[in-house]
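Presented below is the structure to which this report refers.
Keep in mind that the numbers below use all heavy atoms, side chains included, and drop hydrogens, waters and symmetry copies.
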Amino acid sequence: MLKRIQIQDLVIGMYVQEFCGSWMEHPFWRASFLLTEYADLDRILASSISEVWIDTGKGRDVPTHTVTLSREEVDEQIATDFSELAAEHASDMAQLESTSRPTLDPLAPTSTEDELRTAASICHQTRAAVLSMFHEVRMGRAVDAAGAQSLVEAISDSVSRNPGALINLARLKTADDYTYMHSVAVCALMVALARQLGLSEAHQRSAGLAGLLHDLGKASIANAVLNKPGKLTEHEYTLVQHHPQAGYEALKAGGQVSASVMDACLHHHEKMDGTGYPHRLAGEKISLIARMTAVCDVYDAVTSDRPYKKGWDPSESLRRMAEWSGGHFDARVFQAFVKCMGIYPMGSLVQLASGHLAVVMEQGQKSLVNPKVKVFFSIRTGLRIPPLIVDLSAPGNTDSIARREDPAKWNFPDLDEMWAGFAHKA
């Protein structure tokens, strides 16, 4: 049986099934193992992880008086929270329609297919620029903030035309590209989140720049450590945890970015409960832009493949992050993030009430739970069917999402290509 417990209740002989937090927050290369070494227990207690899942069928149980949560209880609470969020979003959209005409973006909206083509080009150009910035930092030179701002504007324009295209394309990164493309993805996520929070255009651009530069400190870490497939040593883990400070110092030395952007770089690994790093800030002591960066940084990290970990499905990632919200993330910022991504983000594999599998293609304007999907597989026959695009929010549609599906269970080799199309091949 799976039980979620506080790390203070963890003892030798328990089977750790999963850490309640991103794999960036602990030094272990695997999540599931029998806890037999006191040194490993000490490392867990010293990390910023506050809760873990244990499997009582594979190791020791907790005493009867210990406070625990079951997998079913956690899933039920997340489902309730997301249902309330979806209802709130639908109500907001209805009120907006009844009271005023929605504000139009200055750039005309584009289809996902068209924007994916443009986004592929932007990703290619921005990756090269970020690679160059990392090189400049390694050489001890100042970062060209003006040039970085022009990249942010191109990414912001893409998000304005079609919020999902570049955001999701950027997460399809190789292991070698991760450090650089992660910056591109977080930039786009930050712009979308700032728009959802109703921030001004100037603050949206600052948020985007913070996303693009937040991990600049990783330029001081060897790629062999960043991409290490096994367990980090104590020294290596300390190096990784130093990257926010290193990035802040590099930006401060350059003198071309705002204090808010530098703050996001320095504090994007802080947590609301005060267990983050480097300064263990808590609650309102963490700036809004840093709280935003924390959410966007983790989402792109956990949905991306790494040498030591397969990326989680986008929908599953939001649900796992919801488990940590409150302690790890600012609840209001996380809720806004879910609203701009959708409860089933682009690329999620879902099962429909009709008994078909589909991949999410695009978010619906009025609903967080009724996106546009590509139906491609019949569960009843176990066979592929001719792909069909279905807008689940369209009038007269009778189908709906029954539940999310684990891509690893089905192992479709072309799942990403189904929604990213030509852009994924480019």
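Here Asp300 pairs with Lys173 in a salt bridge; the nearest charged N to carboxylate O distance falls below 4.0 Å. Under 4.0 Å is where a charged nitrogen must lie from a carboxylate oxygen, and between Arg127 and Asp177 at least one such pair does. Between Glu18 and Arg4 there is no salt bridge, since no side-chain N of the basic residue sits under 4.0 Å from a carboxylate O of the acidic one. Classification of Arg205 and Asp157 as a salt-bridged pair holds, one side-chain N sitting under 4.0 Å from a carboxylate O. Using a cutoff of 4.0 Å between basic side-chain nitrogens and carboxylate oxygens, Glu88 and Lys339 are scored as salt-bridged.
Counting only heavy atoms from C-beta outward, the side chains of Met14 and Ile5 approach each other to under 4.5 Å. The closest side-chain heavy-atom distance from Arg320 to Val302 is not below 4.5 Å. Considering only heavy atoms from C-beta on, Glu72 stays 4.5 Å or farther from Glu76 through its side chain. Side-chain contact between His356 and Ile385: present, with at least one pair of heavy atoms (C-beta onward) separated by less than 4.5 Å. Between Gln241 and His269, every side-chain heavy-atom pair lies at or beyond the 4.5 Å cut-off. Counting only heavy atoms from C-beta outward, the side chains of Met272 and Arg291 approach each other to under 4.5 Å. Annotation: side chain of Lys3 is in contact with side chain of Asp61 (closest heavy-atom distance under 4.5 Å). Inter-residue side-chain proximity for Asp9 and Val67 is flagged as unmet; no heavy-atom pair is nearer than 4.5 Å.
Here the side chain of Ser315 pairs no donor or acceptor atom with the backbone of Ser348 at under 3.5 angstrom. For His268 (side chain) and Cys265 (main-chain N/O), a donor-acceptor pair under 3.5 Å exists by modelled atom type. In terms of modelled atom types and a separation under 3.5 Å, the side chain of Asn397 and the main chain of Leu392 share a donor-acceptor contact. Side-chain N or O atoms of Arg138 include one that pairs as donor or acceptor with a backbone N or O of Ala219 at under 3.5 Å. Side chain of Asp55 to backbone of Tyr15: no donor-acceptor contact under 3.5 angstrom is found. Counting only distance, with no hydrogens or angles, the side chain of Ser160 and the backbone of Ser156 share no donor-acceptor pair below 3.5 Å. Under the 3.5 Å distance criterion, the side-chain polar atoms of His124 are left unmatched by any main-chain donor or acceptor of Ser121. A donor-acceptor pair under 3.5 Å is formed between the side chain of His243 and the backbone N or O of Val240. Side chain of Asp305 to main chain of Gly311: a donor-acceptor pair is present (N/O by atom type, distance under 3.5 Å, no hydrogens or angles). For Ser91 (side chain) and Ala87 (main-chain N/O), no donor-acceptor pair under 3.5 Å exists by modelled atom type.
A distance of 12.0 Å separates CG of Leu349 from CD of Glu316, quoted to the nearest 0.5 Å. Atoms CG and CG, on Leu193 and Leu199 in that order, are 7.5 Å from each other to the nearest 0.5 Å. Residue His242 holds its NE2 atom at 14.0 Å from NZ of Lys218, rounded to the nearest 0.5 Å. Atom CG in Asn162 sits 10.0 Å away from atom OG1 in Thr118 (nearest 0.5 Å). The line from CE of Met1 to NZ of Lys58 is 15.0 Å long, rounded to the nearest 0.5 Å. Atom CE of Met181 and atom CZ of Arg171 lie 12.0 Å apart (nearest 0.5 Å).
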Notebook entry, point to check: Can you list the steps and then say if Asp263 with Ser287 is a side chain to side chain donor-acceptor pair (under 3.5 Å)?
Noted result: CA-CA 8 Å; Asp263 183 80; Ser287 67; 2.4 Å; yes
Next item on the list: Go through the steps to decide whether Leu172 and Trp419 satisfy the test side chain to side chain contact (heavy atoms under 4.5 Å, CB included), and finish with yes or no.
Entry: CA-CA 11 Å; Leu172 301 182; Trp419 65 265; 3.7 Å; yes
Note to self: Let's go through Ser220 and Val137 carefully: what are the C-alpha distance in whole Å and the side-chain angles of both, what is the deciding distance for side chain to side chain contact (heavy atoms under 4.5 Å, CB included) to 0.1 Å, and is it a yes or a no?
What the structure shows: CA-CA 8 Å; Ser220 64; Val137 171; over 6 Å; no
Notebook entry, point to check: Could you go step by step and tell me if Val159 and Gln204 meet the side chain to side chain contact (heavy atoms under 4.5 Å, CB included) rule?
Noted result: CA-CA 11 Å; Val159 173; Gln204 290 176 32; over 6 Å; no
Next item on the list: Report the C-alpha distance between Thr112 and Met361 in whole Å, list the side-chain angles of each, state the deciding distance to 0.1 Å, and finish with yes or no for side chain to side chain contact (heavy atoms under 4.5 Å, CB included).
Entry: CA-CA 8 Å; Thr112 298; Met361 299 293 292; 5.9 Å; no
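Between Ala86 and Leu368, the closest heavy-atom pair is CA-CD1, 3.8 Å. Heavy-atom minimum distance, Leu318 versus Gly342: CD1-O, 3.2 Å. Annotation for Gly327 and Lys271: closest pair O-CB, 3.7 Å, computed over non-hydrogen atoms. Scanning all heavy atoms of the two residues, the minimum distance from Ile401 to Pro371 falls at CD1-CD, 3.8 Å. Closest approach of Ser50 to Asp273, counting heavy atoms only: OG-OD2, 4.2 Å. Taking both residues in full, the closest heavy atoms of Trp324 and Val298 are given as CZ3-CG1, 3.8 Å, listed atom of the first, atom of the second, then distance.
Residues Ser183 and Asp215 bring no donor and acceptor atom of their side chains to less than 3.5 Å of each other. Between the side chains of Ser258 and Ser260, at least one donor-acceptor pair of N or O atoms lies under 3.5 Å.
A centroid separation of less than 6.0 Å is found between the aromatic rings of Phe376 and Phe412.
Phe82 does not carry Arg319 over the face of its six-membered ring by the limits of under 6.0 Å from the centre and within 45° of the normal.
Aromatic ring orientation, Phe33 versus Phe19: tilted (interplanar angle from 30° to 60°).
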